[in-house]
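The structure appears below as structure tokens.
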Number of protein chains: 2
Amino acid sequence: MWYMKARQRLLDATVDYVAAHGIGDLSLRQLAAALGTSHRMLVYHFGSKEGLLVEVVRAVESRQKQALTEFEPGPLLGDQARQMWRRLADPSMWPLERLFFELYGQALQGRTHTTQLLDGVVDDMAQPMIDMLVAQGHEPDVAAAWARLGIAVVRGLLLDLLATGDREGVDAAMELFIGTFEKLA
Amino acid sequence: MWYMKARQRLLDATVDYVAAHGIGDLSLRQLAAALGTSHRMLVYHFGSKEGLLVEVVRAVESRQKQALTEFEPGPLLGDQARQMWRRLADPSMWPLERLFFELYGQALQGRTHTTQLLDGVVDDMAQPMIDMLVAQGHEPDVAAAWARLGIAVVRGLLLDLLATGDREGVDAAMELFIGTFEKLA
DNA sequence: GCCTTCATGTACCACATGGTACAGTCCTAC
DNA sequence: GTAGGACTGTACCATGTGGTACATGAAGGC
């Protein structure tokens with residue numbers, strides 16, 4: 001279907017714009033101008049600025065989850081992890097990840113429209129990993145700890161990568177982690 | 001000295017206020033009211049809102065570095081790491097850490113007054129660790145990778161902790177990491 | 001053909017913001 | 001004592017904001 005409802009089109013464009021320019025100092029007028037419409041339209045379609053931001057958070061959340069779960073299953077956990085990391089560390093993902101961390105920071109401070117992002121920010125990612133590890137014979141509590149640690153490593157190294165841009169150094173640290181996991185787990 | 005210059009007093013109080021209320025939607029008037037002064041004074045002492053924010057970032061940066069470097073040296077790296085983590089994960093540190101991550105997120109999006117925070121955000125913390133590891137006989141590149149991984153784990157688990165509040169689960173993940181390090185490194 | 005509903009643009013409003021002009025206060029040096 | 005400077009409060013300004021009233025267009029059902 002070549003046709004797309006105006007609301008959805010606006011939302012997608014908004015996410016792109018916000019990923020590029022940040023969401024902190026966003027104003028409806030600037031956004032509308034960049035999108036080739038008027039701020040009146042944004043209010044019309046989303047009710048208010050708050051309503052729009054809520055939708056943006058939802059969209060980012062969904063894109064994030066999608067990017068982290070759509071890897072082909074296979075027996076080699078280490079190689080799966082490497083594949084996931086290669087995808088996440090790719091520069092094409094950086095804008096969305098910057099936005100994710102900006103939203104995360106806002107959510108930690110209690111911004112109303114962002115707090116929902118925190119609800120499953122760890123568990124939703126951890127559960128699939130735990131299932132995989134348990135399926136491979138690990139104890140549930142050990143599996144949970146490894147999953148939690150893995151998520152922390154991914155997020156921590158992404159923060160590093162986005163700040164320094166030093167792909168090599170960050171890749172080496174990730175390889176060290178995955179290698180360690182393969183030896184011990 | 002019981003007496004403190006008005007500027008410094010205002011800055012300290014501002015950092016506390018901002019750690020508690022976030023920096024994203026800060027306005028000089030709200031801040032001044034909470035501090036028992038007028039927004040006129042803030043502009044007078046710091047030149048502009050931007051000037052104040054720069055000072056706040058500097059202060060947060062300095063408090064952060066201080067908290068991460070003031071642990072007693074000793075031969076047992078694992079125990080040093082445990083001590084550092086115990087200090088960082090303590091709830092009394094949470095407000096400052098929330099603020100740190102909020103600033104980090106803003107900096108990734110290029111907010112002018114925050115970008116300086118990114119300059120040494122990894123290296124300044126990594127260097128002392130690398131020195132320690134090298135002093136204990138590790139190869140420099142391996143030491144660098146472990147340091148980088150360690151910082152990522154700390155930051156990633158702090159993000160987890162601040163979002164979920166699940167101290168036990170996060171502690172378990174950290175212990176898994178430190179134990180792994182002790183076995184392998 | 002007309003009416004209804006969805007969509008869009010223009011013009012406007014009330015409000016909060018960062019910043020400033022000006023006047024006043026307090027303290028210290030002489 | 002008083003002159004000068006550091007500090008603080010009041011009142012104001014221009015600007016940008018989110019949101020709204022109103023009029024207009026566009027599309028489809030009857």
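Note on naming: letters A, B, ... go to the chains in the order of the sequence lines (proteins, then strands), and numbering restarts at 1 for each one. Every value quoted in this text rests on a predicted model; they were computed, and no experiment measured them. Side chains are part of it too, since the values below use all heavy atoms of this structure and drop only hydrogens, waters and symmetry mates.
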message: Applying a 4.0 Å non-hydrogen cut-off, can you work out what B:Leu26 is touching in the nucleic acid: base, sugar-phosphate, or nothing?
response: sugar-phosphate
field: B:Ala152: side chain to side chain contact (heavy atoms under 4.5 Å, CB included) partners, not counting sequence neighbours
entry: A:Leu157
message: Looking at B:Gln30, I'd like to know whether one of its side-chain N or O atoms comes within less than 4.0 Å of OP1 or OP2 on C:dT17.
response: yes
5' priority, DNA chain C, between A:Gly36 and A:Arg29 [closest heavy atom]: A:Gly36
task: Nearest-nucleotide wise, let me know which of A:Arg40 and A:Asp25 is further upstream toward the 5' end of DNA chain D.
output: A:Asp25
statement: When rounded to whole Å, the CE to C1' distance for the pair B:Met41 and C:dT25 reads 12 Å
Please table the atom pairs, donor to acceptor, closer than 3.5 Å between any side-chain atom in residues 18-25 of chain B and protein atoms at least two apart or in another chain.
residue, atom, partner, partner atom, Å
B:His21, ND1, B:Tyr17, O, 2.9

query: Do B:Arg111 side-chain atoms and B:Gln106 backbone N/O form a donor-acceptor pair below 3.5 Å?
result: no
message: Between A:Ser62 (side chain only) and A:Arg58 (backbone N and O only), is there a donor and an acceptor less than 3.5 Å apart?
response: no
query: Which nucleotide in the list C:dG9, D:dT20, D:dT10 gets nearest to the side chain of A:His39?
result: D:dT20
field: B:Ser27 vs C:dT17: side-chain N/O to OP1/OP2 distance below 4.0 Å
entry: yes
task: Would you please indicate yes or no on a ring centroid separation below 6.0 angstrom for A:Phe177 and A:Phe181?
output: no
message: Tell me whether A:Trp94 contacts the main-chain N or O of A:Ala89 through its side chain, where contact means a donor paired with an acceptor under 3.5 Å.
response: yes
message: So, OP1 or OP2 of C:dG9: does either fall under 4.0 Å of a side-chain N or O from A:Thr37?
response: yes
field: Upstream residue (5' side of DNA chain D) when A:Leu28 and B:Leu10 are each assigned their closest nucleotide
entry: B:Leu10
- line: So, with a heavy-atom separation below 4.0 Å from DNA chain C, the residues of residues 42-53 of chain A are A:Tyr44, A:His45
